[in-house]
Novice: 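Let me begin by handing over the structure; questions about it come next.
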Amino acid sequence: MSSAASRTTAGPFDRGHTDDLMAFLSASPSPYHAVANAASRLEEAGFRRVEETEPWDATSGGKYVVRGGAIIAWYVPEGAAAHTPYRIVGAHTDSPNLRVKPRPDLGSQGWRQVAVEVYGGTLLNTWLDRDLGLAGRLTLRDGSHRLVNVDRPLLRVPQLAIHLDRQANDGLKLDRQRHMQPVWGIGDVHEGDLVSFVAAEAGVDAEDVSGWDLMVHAVEAPAYLGRDRELLAGPRMDNLLSVHAGTAALASLAGRDDLPYIPVLAAFDHEENGSEADTGAQGPLLGNVLERSVYARGGSYEDRARAFAGTVCLSSDTGHAVHPNYAERHDPTHHPRVNGGPILKVNVNQRYATDGSGRAVFAAACEKAGVPWQSFVSNNDMPCGTTIGPITAARHGISTVDIGVAILSMHSARELCGAEDPYLLANALVAFLEG
């Protein structure tokens with residue numbers, strides 16, 4: 001748990017939280033690693049894992065559920081009633097990238113390659129000419145999983161030289177199938193080579209591997225940037241920045257039995273491709289966990305309805321900081337700045353779930369925490385992205401507010417934010433969860 005989220009009112013920025021975020025980003029090259037790292041931090045704070053296949057009891061304290069690349073964690077204060085409402089921080093663990101296909105061994109013209117599929121709305125050009133590693137999980141024949149992380153230069157998607165494409169600087173067009181397959185060596189292609197290599201890296205026999213969920217990642221470490229190191233560059237900020245802040249905020253409340261709400265962290269997978277998965281926000285995972293917690297404490301359907309009616313969710317995802325080279329792409333009266341505090345995201349067409357009541361809840365949390373905040377609205381001529389916020393509101397009937405941290409280069413292999421903003425977000429989340 002970082003020190004930054006251990007107090008309600010934000011004090012002077014000391015980089016401790018941001019240093020910890022950098023370590024979290026580096027250690028979490030896949031959703032499965034992010035979940036494992038969040039779970040480890042929660043266990044250090046006294047949380048314990050409960051299994052969905054086992055009965056749940058009415059004990060108080062911190063608990064969490066893991067399913068694939070998703071984690072739901074909550075803290076039940078001593079004496080909490082069955083109808084006690086929840087305060088939820090929602091986030092997602094996945095990021096746009098390149099993911100390994102079922103038959104990964106590929107080659108052309110003496111080059112050995114890895115067959116990949118484009119995941120989510122990634123900026124393809126940002127994956128060109130980067131040193132890439134490989135990470136994810138292996139599924140073994142007995143149904144168990146093994147995490148693997150080859151965090152060294154292994155792959156590269158080579159760009160075509162300017163001499164062979166004189167118009168490249170006038171508009172680069174990449175074919176997702178033909179141009180995005182990385183190289184990882186030279187020589188003949190043999191089926192099973194990649195899985196054998198990854199299995200050896202994970203310390204298991206290739207014959208025991210029956211499935212895999214593998215993806216590439218840039219191996220360059222996160223770094224402070226700028227004359228005064230006031231910026232942070234790194235991978236997967238969308239949305240591990242929020243997962244990290246939410247984990248730190250929830251862990252800081254362990255042992256707090258004076259809370260009027262049950263604080264929850266809900267970090268889903270597959271947000272970047274629509275959330276339609278059993279580990280996504282459109283799935284039943286969050287609702288199942290909240291309902292089972294009510295019933296485990298002896299509650300009825302009436303208690304469940306009362307708890308949900310009083311619940312509020314902050315859907316925390318990254319948003320767009322005003323871009324110095326493309327300011328005309330932003331709404332002229334809404335220019336979020338980096339290091340200006342978290343942003344409240346609004347869209348009247350419900351691409352974001354925020355309304356006036358939600359704005360008041362968020363403003364109160366920021367005021368309590370001593371954290372500045374900003375508003376974000378899209379330019380009317382630009383399509384607005386969306387988040388897990390509207391999905392959570394519609395799926396569970398829960399009041400939801402969309403917030404986040406303003407960044408540049410969203411969906412790039414390497415994104416950019418203000419170095420202070422992750423700390424400010426974590427403090428605002430603590431205040432919100434406290435009620």
Novice: Working note: Arg41 + Asp20, criterion side-chain contact (heavy atoms from CB on, under 4.5 Å); need CA distance, chi angles, decisive distance, verdict.
Specialist: CA-CA 11 Å; Arg41 289 161 181 252; Asp20 192 60; 2.5 Å; yes
Novice: Is the backbone of Phe197 close enough, under 3.5 Å, to the side chain of Glu201 for a donor and an acceptor to pair up by distance?
Specialist: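 Side chain of Glu201 to backbone of Phe197, a donor-acceptor pair under 3.5 Å: no, none is there.
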Novice: Considering the options Thr279, Asp317, Asp269, which one meets the side-chain hydrogen bond (donor to acceptor under 3.5 Å, both in side chains) requirement together with His92?
Specialist: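 Result: among Thr279, Asp317, Asp269, Asp317 is the only option passing the side-chain hydrogen bond (donor to acceptor under 3.5 Å, both in side chains) with His92.
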Novice: Do Asn97 and Arg99 have side-chain atoms, one donor and one acceptor, less than 3.5 Å apart?
Specialist: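 Per modelled atom types, Asn97 and Arg99 side chains form a pair under 3.5 Å.
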Novice: Does Asp278 offer a backbone N or O that forms a donor-acceptor pair with the side chain of Arg67 under 3.5 Å?
Specialist: yes
Novice: Could you check if a side-chain atom of Asn149 sits within less than 4.5 angstrom of a side-chain atom of Leu147, using non-hydrogen atoms only?
Specialist: no
Novice: Got a donor-acceptor contact below 3.5 angstrom from the Asp94 side chain to the Glu271 backbone?
Specialist: yes
Novice: Among residues at least two apart in sequence or on other chains, which ones pass ring-ring contact (aromatic ring centres under 6.0 Å, His included) with Phe376?
Specialist: His320
Novice: Does some side-chain heavy atom of Asp165 sit less than 4.5 Å from a side-chain heavy atom of Gln159?
Specialist: no
Novice: Checking Asn273 now: which residues fulfil side-chain contact (heavy atoms from CB on, under 4.5 Å) with it, not counting sequence neighbours?
Specialist: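 For Asn273, the residues satisfying side-chain contact (heavy atoms from CB on, under 4.5 Å) (neighbours in sequence not counted) are Tyr119, His270.
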Novice: Tell me every residue that passes ring-ring contact (aromatic ring centres under 6.0 Å, His included) with Trp111, counting only those two or more places apart in sequence or in another chain.
Specialist: none
Novice: One pair to check against side-chain contact (heavy atoms from CB on, under 4.5 Å): Thr93 and Tyr32. What are the steps and the verdict?
Specialist: CA-CA 8 Å; Thr93 61; Tyr32 314 107; over 6 Å; no
Novice: Of all the heavy-atom pairs spanning Arg130 and Ala218, show the shortest one and how long it is.
Specialist: CD-CB, 4.2 Å
Novice: Less than 4.5 Å apart, side chain to side chain, heavy atoms only: is that true for Thr311 and Pro85?
Specialist: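 The answer is yes, as the side chains (C-beta and beyond) meet within the 4.5 Å cut-off.
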Novice: Applying ring-ring contact (aromatic ring centres under 6.0 Å, His included), can you list everything that pairs with Trp212, at least two apart in sequence or on another chain?
Specialist: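 Result, ring-ring contact (aromatic ring centres under 6.0 Å, His included) vs Trp212: none returned.
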Novice: With a 6.0 Å cut-off on the ring centroids, do Trp373 and Phe362 count as close?
Specialist: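 Yes, the ring of Trp373 comes within the 6.0 Å limit of the ring of Phe362, centre to centre.
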Novice: Does any part of the side chain of Met215, heavy atoms only, come nearer than 4.5 Å to the side chain of Pro29, both counted from C-beta?
Specialist: no
Novice: Kindly write out the residues that satisfy side-chain contact (heavy atoms from CB on, under 4.5 Å) with Ile407, not counting sequence neighbours, or none if the list is empty.
Specialist: Thr318, Val405, Met410, Glu415, Cys417
Novice: Does the side chain of Asn37 come under 3.5 Å of the side chain of His244 through a donor N or O and an acceptor N or O?
Specialist: no
Novice: Measure the shortest side-chain to side-chain distance between His323 and Leu408 over non-hydrogen atoms and say whether it is less than 4.5 angstrom.
Specialist: yes
Novice: Cut-off 3.5 Å, side chains only: do Asp238 and His411 have a donor facing an acceptor?
Specialist: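 The criterion, which ignores hydrogens and geometry beyond distance, is satisfied for His411 and Asp238.
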Novice: Does some side-chain heavy atom of Ile388 sit less than 4.5 Å from a side-chain heavy atom of Asp402?
Specialist: no
Novice: Looking at Tyr224, is Arg15 sitting on its ring face, NZ or CZ under 6.0 Å from the six-membered ring centre and within 45 degrees of the normal?
Specialist: yes
Novice: Considering only heavy atoms from C-beta outward, does the side chain of Leu425 approach that of Ile403 to under 4.5 Å?
Specialist: yes
Novice: State, without any angle test, whether Arg48 and Thr59 hold a side-chain donor-acceptor pair at a distance under 3.5 Å.
Specialist: yes
Novice: According to side-chain contact (heavy atoms from CB on, under 4.5 Å), who are the partners of Val66, at least two apart in sequence or on a separate chain?
Specialist: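 In terms of side-chain contact (heavy atoms from CB on, under 4.5 Å), with neighbours along the sequence ignored, Val66 is linked to Val35, Arg49, Tyr64, Ile71.
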Novice: Looking at Arg137 and His145, would you say the former's side chain and the latter's main chain have a donor-acceptor pair under 3.5 Å?
Specialist: no
Novice: Any chance you could measure Asp188, atom CG, to Asp105, atom CG, to the nearest 0.5 Å?
Specialist: 12.5 Å
Novice: Assess whether salt bridge (charged side-chain N to carboxylate O under 4.0 Å, His left out) is satisfied between Glu52 and Arg292, documenting all intermediate values.
Specialist: CA-CA 10 Å; Glu52 293 184 84; Arg292 290 185 67 176; 5.5 Å; no
Novice: May I ask you to test the Leu98-Val118 pair for a side-chain heavy-atom distance under 4.5 Å?
Specialist: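 Of all side-chain heavy-atom pairs linking Val118 with Leu98, at least one is under 4.5 Å.
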